[in-house]
Amino acid sequence: MSEIAKLELNGTTYELPVIEGTENEKGIDIGKLRGSTGGYITIDPGFKNTGSTKSAITYLDGENGILRYRGYSIEELAEKASFLEVAYLVIYGELPTTEQNEVFTHSITNHTLVHEDMKQFFEAYPAKAHPMGVLSSMVCSLSTFYPESLDQDRDEEAIDLTIHRLIAKLPTLAAWSYKNSMRHPVVYPQNDLDYCENFLSMMFAMPTSEYKVDRTVVTALNKLLILHADHEQNCSTSTVRLVGSSHANLYASISAGISALWGPLHGGANQAVIEMLEQIHNDGGDVDKWVAKAKDKSDSFRLMGFGHRVYKNFDPRATIIKVACDDVLDKMGVDDPLLAIAKKLEKVALEDEYFKARNLYPNVDFYSGIIYKAIGIPTEMFTVMFSIGRLPGWIAQWKEMRENNEPIGRPRQIYTGYNVRDYVSIEKR
Ligand code: SDX
């Protein structure tokens, strides 16, 4: 017998159905609220208490620090799977068989090139262009080279081709935006390299020298991309779903997701963490001073990489990345003073009543930037790395929304402006 919620309003009792998910999460269905109550709606800025959809892709439990893609724990996937395997799992719902993995990988490998005309777009950007602005524009521009993809209701085969093109080309677009910012010639993808190796080669190879693949770096990058693959209805994923709900094509929807991820409160936090650690380092490394600033309401400073809308004990991704961080820096012989500051900052904050009372713990962005820095990724490219990792999740959520025939997203509001008033001629104002 499913539960019923009762709402008492002006002497009338309204019964609202309760839906329950496979992990016993419960939601009060208000789908008929406005009609049955004569116009009442709910309001929840930031959607802290509001579910936008039912989804079978990712399950996370913020209280217990659990994160699973299609039922598989991120701990197992990060340790045992390749990023393309996880991308296939997130998008198509099951881990690929050997044959499916070969077909998928072959398709991705053979779509890594972007149209030569797009090189002119890169050359038109100033060297100091932020790569997230370039990436968002370039992804939307891909739609102009594949006009058939604009009819997003085409058959599944056409949509699969768009999915494979996006997963294949995003690393190429990302690496080329970096090469353009350095005013270096672009490096073309190599079909004999795996997904992560190919990205690193396009980033760091030069016409005068090949990129020497470092397995420690490739393993760390593979793990980082897997840990970013999806995260249920976060800001950028909700953006992708909302844009896609108007039946905009997948390129346009992903481009919007990249723009949403750019914000320093969201995916931009990994860049902001390093900038914060550098600021503390350059200021003499007085961690207590900066923790005090983060607690001071009159000070706009926040500890970037701390806190999370959902995780209220720990972000399981941060736990895995912290271990990987130690491993990568140790194997690469990197002694980064920022890591020491990060660890001291974490220790001080976790013992501080202000942070404990607000359940503020390191999130996925706190340590990832230190690994990216160690493997040579420039700070402004950190959120680009987040985009490459999150792409399969954005695609999967867009695809699920389409397959469920969800309606166009159009929230209501409570109006708080002027009541009706007459126009006043300019002479009388
Ligand atoms: C990501 O949603 C996702 O899943 C996102 C993500 C994903 O995978 O897609 O996990 C990726 O975006 C991770 C979060 C990266 N952002 C940052 O690290 C930026 C710093 N953190 C925040 O600004 C903040 O914690 C948020 C945005 C992450 C969450 O904000 P909420 O849930 O809206 O909480 P809030 O802003 O209402 O803060 C609650 C309290 C406030 O104090 P009081 O008003 O109660 O006194 O905690 C304080 C805040 O001032 N607070 C912080 C703080 N974060 C919250 N104080 C100091 N430093 C911080 N980082």
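Start at 1 and go down the list; that is how both ligands and their atoms are numbered.
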Original post:
Is any side-chain N of the basic residue among E94 and R70 closer than 4.0 Å to the acidic one's carboxylate O?
Top reply: no

Original post:
For residues N270 and T383, is any side-chain donor paired with an opposing acceptor at under 3.5 Å?
Top reply: yes

**OP:** Taking salt bridge (charged side-chain N to carboxylate O under 4.0 Å, His left out) as the test, write out the residues that go with R68, two or more places apart.
**Re:** E23

Subject >> Neighbouring residues of ligand 1, heavy-atom cut-off under 4.0 Å >> reply: K48, H231, N234, P264, L265, H266, A269, A294, K297, R302, L303, M304, G305, F306, G307, H308, R309, R317, Y354, R358, L360, N363, D365, F386, R390

Original post:
Charged N to carboxylate O below 4.0 Å: is that the case for E232 and R241?
Top reply: no

Subject >> D327/K331 ion pair, N-O < 4.0 Å >> reply: yes

Subject >> Carboxylate-amine/guanidinium proximity below 4.0 Å for D326 and K343 >> reply: yes

